[in-house]
Number of protein chains: 2
Amino acid sequence: MTGAQVNAEVLAVIVALVDGRPAVLTLGEPPRLPSGPLLPGHRSLQQATRAWVEEQTGRRLGYLEQLYTFADVDRTDTGRELSISYLGLTTAGDPGIGGWTDWYDLFAWEDRRNGELLPQDLERALYAWADASPDSDERRRRVAITFGLAGRSWQPDLVLQRYELLYEAGLVAEAPDNRRAADADLAPGLRMLGDHRRVLATGLARLRAKISYRPVVFELMPEQFTLRQLQDCVEALAGQQVHTQNFRRVIEQQELVEETDQLAETGGRPARLYRFRRQVLAERSIAGTKLPTTRAR
Amino acid sequence: MTGAQVNAEVLAVIVALVDGRPAVLTLGEPPRLPSGPLLPGHRSLQQATRAWVEEQTGRRLGYLEQLYTFADVDRTDTGRELSISYLGLTTAGDPGIGGWTDWYDLFAWEDRRNGELLPQDLERALYAWADASPDSDERRRRVAITFGLAGRSWQPDLVLQRYELLYEAGLVAEAPDNRRAADADLAPGLRMLGDHRRVLATGLARLRAKISYRPVVFELMPEQFTLRQLQDCVEALAGQQVHTQNFRRVIEQQELVEETDQLAETGGRPARLYRFRRQVLAERSIAGTKLPTTRAR
DNA sequence: CGTCCTTATGCTACAACTGAGCAAAAGGGG
DNA sequence: CCCCTTTTGCTCAGTTGTAGCATAAGGACG
């Protein structure tokens, strides 16, 4: 069974921690994700992604996993456009070409590390959208679940659902029925080229889910790090605070790290430096960095 | 950025329960998964999948989610082949065209419901493969983890890893370096067309993982069912037995089902019939059918 | 030098969940 | 009426998860 001819490109969500802030690798203005056509010379999709990211940003990639495949029917002149997206993790290092864009400049509502709740006006706009429909009850419930309102707990990994809901409600800049331009400011965040922000949301959702059952955070960390730095990293990704003592307990009991004999100055009591036990990647029994959540309030 | 021209097809892993046995929808001999080229008329990848499955098997699909995108570089004559695979769940109903193939005819080693361990000869063949390498320790550990040997627990959702390991070890029929034809019988299972068995393994892995955190089993159940039937379904998917009382406890406390006023004859005490509370699909707080595992021995 | 600040680290209490087993209920068949 | 089957209710102990208290170890500053 041979398929019809289509155009195919790979699209990369490359995440790193830059000055303790989670960032994604972007090019140009408005920011877009690194991407490139799938060429006959590429041995695999993954290799194609590595090649394009390297060529466009001069950066070597480490961890890389497939994310999702999007099909675009809009542009029919050149045929269908197929985008195979990948999620990559790396350490910041030297920036090369292109820049790092802070996640939370793109999805401001996803950062809850300071205990901030959803902005009042955004909450009102969401419920207004819900009420503008015949089945407003259904919509209100969806809003409440997706955004952790009405007594429900905030679920960090619902990034995509939140973005899609905001899109439907016309509250993000790229929404087609963004009737009132003013509303686009309610969900504060830079827009990106095309549907790249959606792709990015898919990546963040996957990453937030993944850190809880696989030790992937370490791909973002330097060779040696303190437990506080590791915790900061997890909190940055999850957009949520974590109970310090419990976090350490989980890390230790899972034997994810091993001590070094070095200490780091931290402003308070010096912290021990640790390094990741690479062996656990082979030990598939290891659960991951199941980030200890704060109980819902 | 416009992509290069490639051939694209969609590929469907359609799962149902047939007489209490988990089965996948296949066509022809050797069995292959329903598939079809991506055509300009298709609105989306998902819709393309629905259309092709319906055309080839006369069967309407319910639940459908994207699985993985495979790229094949082998056939260079017609250009690259891109396969976007989907996982679908349905009730058996009338078979239409094509047939249902039992999972465990394709992956015999994945069925542990009767407490069977890995066949001795297969275990020996795996370790023999491990020992035939310079880093035999690493390989032996990988075998042990993947197949739950040497005191490690069997992890149902490692379907793909197990298949890939068997493939590497030349113990499945389609392996290229299947030097000794006799060995191919050690991992008993029908082969499929091309890499379809690998795609299927990907689907089973996803499904086994998913039943533990999303209430998807119900897509396979009839409108009304007893808790025992539901448990049988979960056990069939997981390839593992489940503690009945705990299973019921989880189902009830998560409020996944509601009673009907009907009973079913079962050979013993009549069982109450339940129906799925469709509302929970909207309530994202629900964890799923987190199948209560049997503690590792 | 002692006090106060900061951050790091150790430990405990309590609640919730999980795996496992006992036992009674409710049908049918000899 | 006894025995078989399957369903259903319940208990118990061990584990895990959340939260908070307390101490350790540095620097800054009087």
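Keep in mind it's a predicted model, so treat the numbers as computed, not measured. Order of the sequence lines fixes the chain letters, A, B, ..., with proteins taken first and strands second; residue numbering starts at 1 for each chain.
Counting non-hydrogen atoms under 4.0 angstrom, B:Arg249 reaches a base of the nucleic acid.
A:Tyr104 contributes a side-chain N or O that, together with a main-chain N or O of A:Ala236, makes up a donor-acceptor pair within less than 3.5 Å.
Summarising the geometry, the separation between CG on B:Asn246 and P on C:dT18 is reported as 9 Å, rounded to the nearest angstrom. Here D:dC4 presents its C1' atom at 16 Å from CZ of B:Arg269, a figure rounded to the nearest Å. One can place CG of B:Leu273 at 14 Å from C1' of D:dT6, the figure rounded to the nearest angstrom. Rounded to an integer number of Å, the gap from A:Arg248 CZ to C:dG10 P is 6 Å. We find that CG of B:Leu230 is positioned 12 Å from P of D:dT7, with the value rounded to whole Å.
Residue A:Arg228 has no polar side-chain atom (N or O) positioned under 4.0 Å from OP1 or OP2 of C:dT7.
Side-chain atoms of A:His243 and base atoms of D:dG17 include no donor and acceptor less than 3.5 Å apart. You won't find any donor-acceptor pair under 3.5 Å spanning the side chain of A:Glu265 and the base of D:dG26, going by distance alone.
Applying the ring pair (Phe, Tyr, Trp, His ring centres under 6.0 Å) test to B:Tyr68 and every residue at least two apart in sequence or in another chain returns B:Phe70.
Under 4.0 Å is where a charged nitrogen must lie from a carboxylate oxygen, and between A:Arg248 and A:Glu252 at least one such pair does.
Taking the six-membered ring where the residue is Trp, A:Tyr163 and A:Phe107 present perpendicular rings, their angle passing 60° and hence far from 30°.
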